[in-house]
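Quick note: residue numbers are just sequence positions, from 1. Just follow the structure's listing: the first ligand is 1, and inside any ligand the first atom is 1.
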Amino acid sequence: MSDIRDMVIIGSGPAGLGCALYAARAGIDAVVIEKNPLPGGQIVNTTDVDNYLGLPGIGGFEMGDTFRRHVEKMGGEFIEDDIGSVRAEDGIYIVSGAKEEYKTKTVVFATGAHRSKLGIPGEAQFTGRGVSYCATCDGAFFRNKETVVIGGGDVAVEDAIYLAGLCTHVTLVHRRDELRAAKSVQDALFAKDNVTVAWNSIPDEVLGDGVVKSLRIHNKETEESTEIPASGVFIAVGMKPDSELASGLCDLDEKGYIIAGEDCVTSAPGIYAIGDVRTKALRQVITAVADGACAVTSAEAYLREH
Ligand code: NAP
């Protein structure tokens, strides 16, 4: 076997795993490089996934594990490594990891996204001491306590619903007077009797004494300032793409997403972007997995020519 692979897939979330499955079926010599041996990417932080066809109510961890076992069964290869850079050299790509260098004809970025920070006073100071970005990871620490969730998207509302099952009370702090989240999750939120929504409210400061004690907010209509007592402050104000490795290699949009259409083809030959790191309208598990399939189809045509 040549030491130049056909494809290196960086990331083992649903997009990377979908890509690895299609690559294995297409007879492409591909490897998935994962930083962390826990497959599934962001989905492992979700309790129940109800919108993936055929797997109603599956847990996020179980979903990642099911996807990974499917890829392994089809002959997919995985390597644990932390990739530091990707560069073009003599018509191929060199993917440099902490352990090894990988030579490849094509690279698929399936690097995903992570939660944005708010940047308010107290946020960094109390991270890990009451401020969290993952309700399913840290929620159990706040059993029978009061918590606050900041944000109005799917993640914030799902976090608030999850925490309502553990905490005495949850306050959802949202900067507008309507939520961005899907109607189905909004309905589930409004059915909870221990959740209050602080509408039109801007978070100003996380307050505490070694650990979080409260969140100070102000209402942008009335300008009134309030302190919400809370042991936990969960921040869910959107995502930031993990596209640093692609920067300088292919075009990114103004938010840092790798620019690619449905065929997942980027501005650089042989470089593909799939899942949450790609410019797209709908970031869901089902669209991430589909991207993996589309990238393999695009790469097959490229590999035939090169
Ligand atoms: P999102 O949909 O972008 O929502 C971010 C929320 O944070 C918005 O409500 C936004 O307010 C608020 N926000 C942003 N910056 C803020 C700031 N500085 N201060 C206060 N509030 C701020 O992000 P997400 O909820 O993390 O979801 C990311 C993607 O994953 C979305 O496409 C979502 O649909 C998808 N997702 C889907 C599912 C599912 O289908 N089950 C589950 C989870 C996530 P505004 O509304 O005023 O902009």
Atoms of ligand 1 close to Gly153 [distance to a heavy atom under 4.0 angstrom, numbered from 1]: 4 (O), 6 (C), 8 (C), 9 (O), 25 (O)
Salt bridge flag under 4.0 Å for residues Asp81 and Lys99: no
Atoms in ligand 1 flagged as close to Asn51, the criterion being non-hydrogen separation under 4.0 Å: 39 (C), 40 (O), 41 (N)
Atom 7 (O) of ligand 1 - nearest protein heavy atom and its distance: Val237 CA, 3.2 Å
From the candidates Lys117, Arg283, Glu158, the one that places a heavy atom nearest atom 42 (C) of ligand 1: Glu158
Close aromatic pair by centroid cut-off 6.0 Å: Phe67 and Tyr52: yes
Residues Asp159 and Arg115 bridged, charged N to O under 4.0 Å: yes
Protein heavy-atom partner closest to atom 10 (C) of ligand 1 - residue, atom, separation in Å: Arg175 NH2, 3.8 Å
Element-labelled atoms of ligand 1 that are located less than 4.0 Å from some non-hydrogen atom of Val155: 24 (P), 25 (O), 26 (O), 27 (O), 43 (C), 44 (C)
Protein contact to atom 34 (O) of ligand 1 [nearest heavy atom, distance to 0.1 Å]: Asp154 OD2, 2.7 Å
Numbering as shown, the atoms of ligand 1 that approach Gly238 to under 4.0 Å (heavy-atom distance): 5 (C), 23 (O), 26 (O)
Per-atom contacts, ligand 1 versus Leu118 - under 4.0 Å to a heavy atom: 17 (C), 18 (N), 19 (N)
Numbered atoms of ligand 1 (with element) below 4.0 Å of Met239, judged on heavy atoms: 26 (O), 28 (C)
Sub-4.0 Å heavy-atom approach of His174 to ligand 1: yes
Atom 2 (O) of ligand 1 [closest protein heavy-atom partner, distance rounded to 0.1 Å]: Arg180 CD, 3.4 Å
Side chain, backbone, both or neither: the part of Ser116 lying under 4.0 Å from ligand 1 by heavy atom: neither
Ring-face cation of Lys213 near Phe126 (centre distance under 6.0 Å, axis angle within 45°): no
For atom 37 (C) of ligand 1, closest protein heavy-atom neighbour: Gln284 NE2, 2.9 Å
Tyr93 vs Pro269 side-chain heavy atoms within contact, under 4.5 Å: yes
Ile120 side chain near Val206 side chain, heavy-atom distance below 4.5 Å: yes
Greater than 12 external heavy atoms within 6.0 Å of Leu282's CG: yes
Parallel, tilted or perpendicular, as decided by the 30° and 60° cut-offs, for the rings of Phe190 and Trp199: tilted
Distance, nearest 0.5 Å, that separates CD1 of Ile33 from OG1 of Thr111: 13.0 Å
Salt bridge Glu72-Arg68, side-chain N to carboxylate O under 4.0 Å: yes
Short N or O distance, Gly152 and ligand 1, threshold 3.5 Å exclusive: yes
Distance filter under 4.0 Å to Arg176 heavy atoms, resulting ligand 1 atoms: 45 (P), 46 (O), 47 (O)
